[in-house]
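This report refers to the structure that appears directly beneath it.
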Amino acid sequence: MGKAFDISLVLDFIPELLRYLHITLIVLGGSIVLGLVGGVLLAVPRLYRIPVLSQLATLYVSFMRGTPILIKLFLVYYGLPELLKPIGIDLSRTDPLVFVIVTYALSDAASFAEIFRGAVRSVDKGQTEAAYAAGMTTFQSFRRIVVPQALIVAFPNMANTLIGSLKDTSLAFSIGVMDMVGRGQTLISATSHALEVYISLSVVYYVIVIVLEKGFALAERRLQRHERKSTMPKPAVRAERLKRIAG
C-alpha cells in the first residue's frame with residue numbers, strides 16, 4: 001500500500017525523470033531513422049509488385065501491425081540471441097537498449113511502409129505519364145513529381161506514427177532499459193509514492209507530445225505552402241468568380 005498522496009512530490013520527481021529523457025529520445029530517434037529506411041524497402045516491392053518480395057513484404061507488414069508491441073519486444077529480446085547463436089554470434093551481453101531500438105524499428109517500418117505505399121498511390125498517374133512525355137526518366141519523374149506530392153500526403157501519418165512510437169517507448173523498462181519509466185519504477189520502490197510518479201510521467205510525456213505536435217503542424221504548413229500557391233486562382237479568375245457571386 002502506498003503512502004498518503006503528496007502533490008509536492010510531483011515537482012520533485014519531474015526533474016529526476018528528465019535526467020533520463022535522453023534515453024527515451026535515443027530509442028525514438030534510432031527506431032524512427034531505421035524504421036524509415038525499412039519502410040522504403042518494404043514499400044518498393046509492393047508498389048512495383050515484385051514477385052515473392054511483394055508477398056513477403058505483405059506478410060511482414062500484416063504480422064507487425066497485428067501484434068502488440070510488448071509481445072514483439074519480448075520476441076526480439078529473447079528470440080534474436082537464440083536465432084543468432086547457431087552461427088556463432090553471442091548477444092548475451094548486448095545492451096537491452098539495442099533490442100528496444102531494433103524492435104521499434106521493425107514495428108515502425110511496417111507502419112511507414114503502408115504510409116508510403118498509400119501516399120505514392122494517391123498521386124495521379126496522369127502526372128507521371130505527362131512527365132514521361134516531357135522526356136523525364138522514371139527516376140526523374142518519381143523524384144520530381146511523385147515524391148514531393150506523396151510527402152505532403154504522408155507527413156501527417158508519419159507524424160502520428162512518431163508520436164505513437166514515443167508513447168510506446170514507455171514499455172522499454174520491461175526488459176531492463178533505464179529510461180524515464182524505468183527510473184519511475186525505481187522511485188516507486190524507494191518512496192512508495194506510485195501515484196505521484198505516474199502523474200509526473202504523464203506530465204512529461206504530455207508536454208513532449210504537445211511540443212512535437214506544434215513542430216509537426218509548423219512543418220506541415222511549410223510543406224503545403226507551395227501547393228497552396230499553385231492552387232491559388234489567378235487575379236482574373238478570382239475577379240470572374242466575384243462577378244458571378246455578385247450577379
Side-chain angles (χ1 to χ4, degrees), residues 27-91 94 96-165 168-169 171 175:
V27 172
L28 180 65
S31 61
I32 291 298
V33 170
L34 295 176
L36 286 170
V37 175
V40 171
L41 295 178
L42 288 168
V44 168
R46 301 187 69 188
L47 285 169
Y48 293 96
R49 297 191 177 123
I50 301 175
V52 182
L53 290 180
S54 178
Q55 287 77 12
L56 289 175
T58 301
L59 179 62
Y60 175 88
V61 170
S62 177
F63 175 79
M64 283 296 175
R65 298 187 73 190
T67 311
I69 188 66
L70 185 61
I71 301 300
K72 288 180 283 193
L73 186 57
F74 288 142
L75 284 174
V76 171
Y77 183 64
Y78 292 109
L80 193 59
E82 294 299 322
L83 189 65
L84 297 179
K85 189 182 296 183
I87 59 176
I89 300 178
D90 183 14
L91 298 180
T94 303
L97 187 65
V98 174
F99 294 104
V100 172
I101 293 175
V102 169
T103 302
Y104 284 76
L106 293 173
S107 183
D108 289 341
S111 299
F112 285 133
E114 287 297 277
I115 293 171
F116 296 156
R117 187 172 67 94
V120 170
R121 287 187 173 179
S122 71
V123 179
D124 185 6
K125 291 183 179 179
Q127 298 184 50
T128 303
E129 294 172 357
Y132 293 154
M136 288 188 185
T137 64
T138 300
F139 177 74
Q140 289 174 328
S141 171
F142 186 78
R143 181 176 64 86
R144 300 177 63 180
I145 305 298
V146 176
V147 170
Q149 297 180 72
L151 182 60
I152 294 174
V153 174
F155 189 81
N157 290 325
M158 292 170 62
N160 289 336
T161 298
L162 189 148
I163 290 174
S165 186
D168 286 342
T169 59
L171 297 173
I175 62 170

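Here the structure is a predicted model, which means the values were calculated and not measured. The figures here come from the full heavy-atom set of this structure, side chains too, leaving out hydrogens, waters and symmetry mates.
Applying the ring pair (Phe, Tyr, Trp, His ring centres under 6.0 Å) rule to pairs touching residues 36-63 yields nothing, sequence neighbours excluded. Listed by first and then second residue, the salt bridge (charged side-chain N to carboxylate O under 4.0 Å, His left out) pairs that reach into residues 31-44 come to none, sequence neighbours excluded.
Rounding to the nearest 0.5 Å gives a distance of 9.5 Å between CG of Leu70 and CD1 of Ile175. Going from atom CE of Met64 over to atom CD1 of Ile69 covers 8.0 Å, rounded to the nearest 0.5 Å.
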Acceptor/donor pairs from residues 96-108 side chains to any protein atom, 3.5 angstrom cut, sequence neighbours excluded:
| residue | atom | partner | partner atom | Å |
| --- | --- | --- | --- | --- |
| Thr103 | OG1 | Phe99 | O | 2.7 |
| Tyr104 | OH | Asp168 | O | 2.3 |
| Ser107 | OG | Lys72 | NZ | 2.9 |
| Asp108 | OD2 | Ser165 | OG | 3.2 |

Taking only distance into account, with no hydrogens and no angle test, what donor-acceptor pairs under 3.5 Å do side-chain atoms of residues 74-86 form with protein atoms, sequence neighbours excluded?
| residue | atom | partner | partner atom | Å |
| --- | --- | --- | --- | --- |
| Glu82 | OE2 | Lys85 | NZ | 3.3 |

Under 3.5 Å, which donor-acceptor pairs link side chains of residues 127-135 to any protein atom two or more places apart or in another chain?
| residue | atom | partner | partner atom | Å |
| --- | --- | --- | --- | --- |
| Gln127 | OE1 | Gln149 | NE2 | 2.6 |
| Gln127 | NE2 | Gln149 | OE1 | 3.2 |

Taking it one step at a time, do Leu36 and Phe116 satisfy side-chain contact (heavy atoms from CB on, under 4.5 Å)?
-> CA-CA 10 Å; Leu36 286 170; Phe116 296 156; 3.7 Å; yes
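When the shell of 6.0 Å around CZ of Arg144 is examined, it contains 12 or fewer heavy atoms from other residues, nucleotides or ligands.
Residues Ile32 and Phe112 have side chains in contact (heavy-atom distance under 4.5 Å, counting atoms from C-beta outward).
Here the shortest heavy-atom pairing between Ser111 and Thr161 reads CB-CG2, 4.0 Å. Across all their heavy atoms, Ala154 and Ala119 have their closest contact at CB-CB, 3.7 Å.
With sequence neighbours excluded, the residues that form a side-chain hydrogen bond (donor to acceptor under 3.5 Å, both in side chains) with Arg46 are Thr58, Glu114.
Although no hydrogens or angles enter the test, the distance criterion places a donor-acceptor pair under 3.5 Å between the side chain of Ser31 and the main chain of Leu28.
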